[in-house]
Structures are given as C-alpha cells and as structure tokens.
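Here the structure is a predicted model, which is why all the values come from computation and not from measurement. Sequence lines set the chain letters: A, B, ... in the order given, protein chains first and strands last, and positions in each chain run from 1.
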Protein chains: 2
Amino acid sequence: MAEKTKMGKCFLVGAGPGDLGLVTLRAKECVEHAEVVVYDYLCNQEMMRWAPESAELIFAGKKAGAHTLTQAQINALLADKTREGKNVVRLKGGDPFLFGRGAEEAQALAAAGLPFVVVPGVSSAIAGPAYAGIPVTHRGKNSHVTFFTGHEDPEKTESAIDFAALATLGGTQVMLMGVERIGAIAREMMASGVRKDLPVALIRWATTERQETLIGTLENIAERVAAKAFTAPAI
Amino acid sequence: MAEKTKMGKCFLVGAGPGDLGLVTLRAKECVEHAEVVVYDYLCNQEMMRWAPESAELIFAGKKAGAHTLTQAQINALLADKTREGKNVVRLKGGDPFLFGRGAEEAQALAAAGLPFVVVPGVSSAIAGPAYAGIPVTHRGKNSHVTFFTGHEDPEKTESAIDFAALATLGGTQVMLMGVERIGAIAREMMASGVRKDLPVALIRWATTERQETLIGTLENIAERVAAKAFTAPAI
C-alpha cells in the first residue's frame with residue numbers, strides 16, 4: 001500500500017570531472033539512496049559502489065561516437081522510472097547544466113509533470129585547467145571566461161558561435177568536447193583574426209590519474225593532436 | 001624532531017556556492033585535517049564544525065566594502081603558516097580559480113617555494129542559476145556561456161570587457177559580483193547594442209536558504225534592484 005502511493009523523484013546530479021574527491025556530499029548521498037542510477041561514460045565508475053546493492057544501475061553511454069542510448073531514450077527512461085515511484089539518480093559527468101544536456105532532461109521531466117531536483121557539480125571546464133595549473137581567471141589579467149562547445153547540435157539551424165566576436169572579446173576561452181574538430185575550429189578562429197601564436201592547452205581525462213595535457217599554439221595544435229593521437233574526452 | 005622537519009602544505013579549496021551539500025568530499029576531508037583554516041565571508045560557516053578542535057580558524061573577510069584582510073595580507077598569512085610546517089586550508093566561496101583570486105594566492109605560494117594544492121569547487125556562477133531553474137547552456141539554444149566580473153581590479157590599465165564584442169557574441173552571460181554597479185553595466189551594454197528587453201535574472205545568496213531571485217530586463221533591472229534593496233552577494 002505504502003509502496004503504491006510512493007512518489008518518485010529524479011535527481012539530475014553532477015558527478016564532477018572524474019576525481020572521486022571532487023564529487024559533492026549531496027551527490028554521494030543521492031547515490032547512497034538511489035533505487036535507479038542512470039550513469040554516463042564520464043562519471044567515475046567507482047561511484048557505483050556507493051549505491052545500495054538492490055539499486056538498478058543503467059549505463060547510458062555516451063562515448064563519443066558510441067551512444068548507447070539516445071538522448072530521447074534517456075529522457076523517456078528517466079520519466080518512466082520516476083513515474084514508477086522510484087528514487088532515480090541521473091549521474092552526469094561534470095555539471096548537469098554546463099553542456100551536460102541536463103536542461104533537456106529537466107524539460108522532459110517537467111513536461112511529464114514529474115518532480116526533479118538539480119544537484120550542480122564541479123565542471124571539468126574549470127577543474128581540468130586547475131589541475132593542469134591554469135587558472136581560468138586571474139584578477140589583473142582577465143575579467144571574463146567563455147565556455148563553448150566544439151560539438152554543436154547538428155540540428156541547430158545556425159552555428160551559434162560567432163568566432164569573430166569571440167576573437168574581439170578575448171579573455172580565457174575554454175572549449176569542451178571538440179578535440180576531434182580541433183583543426184576546423186582552429187582554422188575558423190585564425191580566419192576570424194585570432195593570433196596564430198595564441199597559447200592553447202588541451203587536457204584529456206581531466207582530474208583523473210589518466211590526465212594528460214598537450215600544449216601548443218592555435219596554429220600547430222591540430223598537428224600535435226594528430227601526432228600524439230590525443231583523443232576525447234578532452235577540453 | 002618529527003615536528004621540526006614536517007613540511008607544511010597549503011590547500012586552496014573551493015567551498016562551493018553556499019549549500020553545504022555542494023561541498024566536495026575532498027574539501028570536507030581537507031577541513032577535517034586542517035591545522036589552520038583561513039576562510040571567507042561566502043563560505044558556509046558550518047564547515048568550521050568539521051575542523052579539529054585544535055585548528056586555528058582565521059576569518060579573512062571579504063564582505064563587499066569591508067575587507068578584513070587585504071589580498072596581500074592573506075597571501076602573506078598563507079605563506080607564513082605553511083612555512084611554519086602547518087597543514088593550511090584556504091577556504092574560498094565557490095571555485096578558487098573562477099573569479100576567486102586563487103590564482104594570486106597560488107602565485108604567492110609558488111613564488112615562496114611552498115607546496116600547494118588546488119581543490120576546485122562548485123561555482124555559484126553555475127549553481128546559482130541552476131537553483132533558480134536556469135540552465136546556463138541548453139543544447140539547441142546556445143553553445144556558449146561567458147562569465148565576467150562586474151567588479152574589476154581598479155588597478156588594471158584597460159577595462160578588459162569589450163561589451164560590444166560580448167553583445168555580438170550573445171549566448172548566456174553571467175556576471176559575478178556586480179550588483180552595486182548594475183546600473184552602469186546595463187547602460188554600457190545597451191549602448192553597445194544589446195537589446196533593452198533582454199531578460200535578466202539576479203540571484204543573491206545562491207543555493208542557500210536565503211536565496212532570492214529578481215527578474216527583469218536589461219532596461220529595468222537597475223530600477224528593480226534599487227526598489228527591492230537587492231544587495232550583494234549576487235550574480
């Protein structure tokens with residue numbers, strides 16, 4: 001009887017950038033009380049040990065180029081499990097709302113009239129550079145930082161990034177998920193007037209023991225990526 | 001003897017945006033092992049309960065307009081305590097490297113040849129909007145977000161923010177620490193061609209039980225701030 005009337009709830013949880021120590025207290029607590037955990041490729045898989053033995057663990061993908069579930073399938077899965085009255089934890093690498101597609105999941109849950117909570121996480125866009133010794137802002141040096149995706153929605157009608165404006169704006173610029181498009185993006189930035197010797201740092205597997213950093217300039221970074229076979233996940 | 005040769009270390013730790021649940025596991029662990037904690041106005045003060053009873057707790061300020069210690073004094077304090085062989089935890093609201101002035105502290109420690117570690121935190125710039133129901137990015141809607149400070153270093157020679165370029169760039173824009181300058185900044189943005197009916201949300205005491213949100217447009221936000229006496233800390 002109690003079972004039948006129990007309300008489900010979905011927690012959209014940032015799992016942090018990879019280092020288990022950068023998981024938040026609330027994220028850990030959510031996993032410890034989960035009945036269903038839907039997790040990503042970029043989440044530290046050790047987090048699953050915190051889940052109750054009875055919890056259902058569902059791998060949602062998405063290694064670049066190898067989506068296990070589509071975004072629509074994930075949205076439907078979260079809604080279905082929540083509607084069944086489950087405590088559902090959707091674990092997402094980094095932060096759910098900074099290029100995490102958490103907005104789409106929140107929208108799907110809201111549209112279905114289901115309760116959800118967003119638990120922000122430490123973004124790899126900030127922590128990755130920090131672990132490589134690069135502060136994204138420095139008072140006296142720059143007053144702004146722009147985070148952009150190198151992996152835009154292919155269905156979007158206009159390429160939303162105005163590289164000429166970005167070049168004029170300056171400041172720190174952090175690109176997420178664009179390593180496989182780095183050549184095209186660097187060319188576009190140079191064509192928009194960005195200086196060729198602009199320092200560029202690529203960081204893969206940020207904050208984990210597999211972290212690697214590759215340094216170059218806007219002009220030579222694509223070549224170095226190819227030479228080192230430097231692949232995703234990178235910023 | 002062991003006491004004398006012990007190496008000190010300084011941890012520059014992001015305390016998260018305010019909600020105790022958004023503190024990372026490593027941040028908690030750092031406080032639990034601290035011999036000295038140097039903390040800010042914006043840190044959740046309940047974190048101090050995690051410190052050992054023997055730990056020295058030092059309040060560094062900085063409520064807007066009421067700096068308790070200057071940045072130079074904080075830098076010197078961290079270096080001194082670390083040089084004494086202490087386990088020093090520098091707790092900073094949000095993330096130390098996203099407008100946290102952690103870069104300056106790291107530089108001062110590095111210049112003094114002292115070991116330090118950066119522990120990234122959840123930034124209020126991302127978590128604040130999330131708690132107000134605003135995703136900073138939404139695939140299909142925008143591909144970039146710019147974080148800028150409304151509170152630039154007065155000693156910087158050029159105002160680093162090119163509002164015209166920012167206007168052209170578009171995307172989500174999050175200003176930190178600018179509530180007392182909102183009128184001037186909104187005027188400068190409109191003069192740079194940003195549309196007057198651009199939706200603006202201000203969030204103060206983000207993620208805490210005191211969180212308040214104020215909604216307006218670029219044209220009327222300054223008036224609303226004045227009418228509501230909406231003060232710092234806000235984004």
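- To the nearest 0.5 Å, the span separating NE2 on A:His144 from CZ on B:Phe99 amounts to 8.5 Å.
- Between B:Ala165 and A:Leu169, the shortest heavy-atom distance links the atoms CB-N, 3.6 Å.
- For chain B, the nearby part of A:Ile134 is the backbone; its heavy atoms alone come within less than 4.5 Å.
- No other option in A:Val118, A:Thr207, A:Val23 has as many heavy-atom pairs under 4.5 Å with chain B as A:Val23.
- B:Leu12 does not touch chain A: none of its heavy atoms, backbone or side chain, sits under 4.5 Å away.
- Distance check: B:Ile126 CD1 to A:Phe147 CZ gives 6.5 Å after rounding to the nearest 0.5 Å.
- Between B:Leu22 and A:Pro120, the shortest heavy-atom distance links the atoms CD2-O, 3.7 Å.
- With a 4.5 Å cut-off on non-hydrogen atoms, B:Gln173 does not touch chain A at all.
- More than 12 non-hydrogen atoms from other residues, nucleotides or ligands lie less than 6.0 angstrom from CZ of B:Arg195.
- A distance-only check finds no donor-acceptor pair linking the side chain of A:Thr146 to the backbone of B:Val145 [under 3.5 Å].
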Query raised in the report: Taking it one step at a time, do A:Gln107 and B:His138 satisfy side chain to side chain contact (heavy atoms under 4.5 Å, CB included)?
Result: CA-CA 10 Å; A:Gln107 240 172 1; B:His138 188 307; 3.0 Å; yes
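- Checked by atom type and distance alone, the side chain of B:Thr137 pairs as donor or acceptor with a backbone atom of A:Phe97 at under 3.5 Å.
- Along residues 24-32 of chain B, the residues that come nearer than 4.5 angstrom to chain A, judged on non-hydrogen atoms, are B:Thr24, B:Leu25, B:Arg26, B:Lys28 in order of number.
- Heavy-atom pairs under 4.5 Å with chain A were tallied for B:Thr172, B:Leu176, B:Val136; the largest tally goes to B:Val136.
- With a 4.5 angstrom heavy-atom cutoff, B:Leu20 touches chain A only via backbone atoms.
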